[in-house]
Amino acid sequence: MTKVVCPGSFDPVTNGHVDIFRRAAHLFDEVVVTVLINESKKGLFSIEQRMDLLREAVADLDNVSVDAFRGLLVDYCRDHDVQAIVKGLRAVSDFDYELQMAQMNGSLTGIETVFIPTGPEFAYLASSLVKEVAKHGGDVTSLVPPHVLKALQEAYSRT
């Protein structure tokens, strides 16, 4: 059985992320979407909120679960019997960074990284851009799942 991890901050999860999760779910037996806990960064959503938003976004995928981790991803992989890391790539700039990370992770533990190119309709999509547009009242309806749109609207109505 092949178990993979899709790591990220997912603040918030976008339709681009969900596309990668769905495609990974068709390729691998088990997919764990993991939220990086980074105490030095203040996100719009708490770790628990992100995990709830992710769980709802993947609720229809039987072989996808959600978890969180702190520290090194390779340690999480070792501790949870994960065979590979799955990363979505939007552009060449993503590849440059992710290739270095993949090589570092491979040299530390031998874990493989699998790259899945994003669909062209999601190539420009980033959580930071979604937040910026939503913060200023722009329409992000087509960029995030409906429950995430509602959460964004609620979060920015409080600020």
Side-chain angles (χ1 to χ4, degrees), residues 1-91 93-119 122-123 125-131 134 140 143-152 155:
M1 190 159 133
T2 305
K3 183 177 182 180
V4 300
V5 66
C6 291
S9 59
F10 308 116
D11 187 36
V13 60
T14 69
N15 288 337
H17 293 130
V18 175
D19 177 58
I20 296 297
F21 306 154
R22 287 186 183 289
R23 291 163 61 199
H26 288 291
L27 295 170
F28 302 102
D29 298 313
E30 185 178 351
V31 177
V32 182
V33 178
T34 55
V35 179
L36 169 63
I37 300 170
N38 183 347
E39 286 91 3
S40 66
K41 282 181 129 180
K42 171 87 170 90
L44 176 63
F45 296 107
S46 71
I47 299 299
E48 295 77 21
Q49 288 172 312
R50 291 182 222 179
M51 291 177 69
D52 288 344
L53 292 171
L54 281 161
R55 284 187 192 101
E56 190 167 343
V58 300
D60 65 322
L61 300 172
D62 294 335
N63 62 332
V64 178
S65 61
V66 176
D67 199 1
F69 76 99
R70 65 174 39 88
L72 294 178
L73 178 60
V74 292
D75 290 339
Y76 178 92
C77 292
R78 183 195 61 239
D79 295 345
H80 293 85
D81 297 319
V82 172
Q83 286 78 43
I85 300 165
V86 172
K87 299 294 290 206
L89 297 177
R90 294 171 295 195
S93 58
D94 285 350
F95 179 75
D96 288 341
Y97 174 76
E98 294 297 346
L99 179 61
Q100 286 181 321
M101 290 297 297
Q103 291 170 332
M104 176 61 78
N105 289 337
S107 72
L108 290 172
T109 62
I111 192 156
E112 295 293 339
T113 299
V114 177
F115 297 121
I116 298 180
T118 189
F122 304 118
L125 192 49
S127 294
S128 57
L129 293 174
V130 168
K131 288 187 289 192
V140 296
L143 308 180
V144 296
H147 69 282
V148 175
L149 176 65
K150 182 179 178 195
L152 283 166

Fill in: Non-hydrogen side-chain atoms of K131 and P12 separated by less than 4.5 Å
yes
Taking distance alone, no hydrogens or angles, what donor-acceptor pairs closer than 3.5 Å link side-chain atoms of residues 108-119 to residues at least two apart or in another chain?
from : atom 1 : to   : atom 2 : distance (Å)
T109 : OG1    : N105 : O      : 3.1
T109 : OG1    : I111 : N      : 3.3

Practice prompt. Scan V18, L149, L125 and name whichever one has a side-chain contact (heavy atoms from CB on, under 4.5 Å) with V144.
Written response: L149
Discussion item. Between D11 and F45 (side chain of the first, backbone of the second, donor and acceptor by atom type, cut-off under 3.5 Å), is there such a pair?
Written reply: yes
Discussion item. Using every non-hydrogen atom in the two residues, find where Y76 and A68 come nearest and quote the distance to one decimal.
Written reply: CE1-O, 4.0 Å
Worksheet item: Just how far is it from atom CZ of F95 to atom NZ of K87, taken to the nearest 0.5 Å?
Response: 13.5 Å
Item to complete: Decide yes or no on salt bridge (Lys or Arg N to Asp or Glu O under 4.0 Å) for D60 and R22, but give the supporting numbers first.
Response: CA-CA 10 Å; D60 65 322; R22 287 186 183 289; 3.0 Å; yes
Worksheet, complete the sentence: Taking every heavy atom of V140 against every heavy atom of V130, the minimum-distance pair comes out as CG1-O, 3.8 Å
Worksheet item: Can you tell me if D19 uses its side chain to pair, donor with acceptor, with the backbone of N15 under 3.5 Å?
Response: no
Item to complete: Verify, without hydrogens or angle tests, whether Q49 (side chain) and S46 (backbone) share a donor-acceptor contact under 3.5 angstrom.
Response: yes
Practice prompt. Drop me the distance from Q83's CD to M1's CE, to the nearest 0.5 angstrom.
Written response: 8.5 Å
Return all side-chain donor-acceptor pairs below 3.5 angstrom for residues 24-38, not counting sequence neighbours, or 'none' if the list is empty.
from : atom 1 : to  : atom 2 : distance (Å)
D29  : OD2    : T2  : N      : 2.7
N38  : OD1    : S40 : N      : 3.1
N38  : OD1    : S40 : OG     : 2.6

Worksheet entry | Side chains of Q100 and D96 in contact at under 4.5 Å (non-hydrogen atoms) | no
Worksheet item: For the side chain of H17 and the backbone of V13, is there at least one donor-acceptor N/O pair under 3.5 Å apart?
Response: no
Worksheet item: For the atom pair OG (S65) and NZ (K3), what is the distance rounded to the nearest 0.5 Å?
Response: 7.0 Å
Discussion item. How long is the straight-line distance from CD1 of I20 back to CZ of R90, given to the nearest 0.5 Å?
Written reply: 10.0 Å
Practice prompt. Starting at CZ of R55, measure out to NE2 of H147 and round the result to the nearest 0.5 Å.
Written response: 11.5 Å
Practice prompt. Check whether any side-chain heavy atom of C6 sits under 4.5 Å from a side-chain heavy atom of F21, and report yes or no.
Written response: yes
Item to complete: Find the distance between CD1 (I47) and CE (M51) and round it off to the nearest 0.5 Å.
Response: 8.5 Å
Item to complete: Check whether any side-chain heavy atom of K150 lies under 4.5 Å from a side-chain heavy atom of L53, and answer yes or no.
Response: no
Fill in: salt bridge (charged side-chain N to carboxylate O under 4.0 Å, His left out) partners for D81, two or more places apart
none
Fill in: Close side-chain approach of I85 to L73, heavy-atom, < 4.5 Å
yes
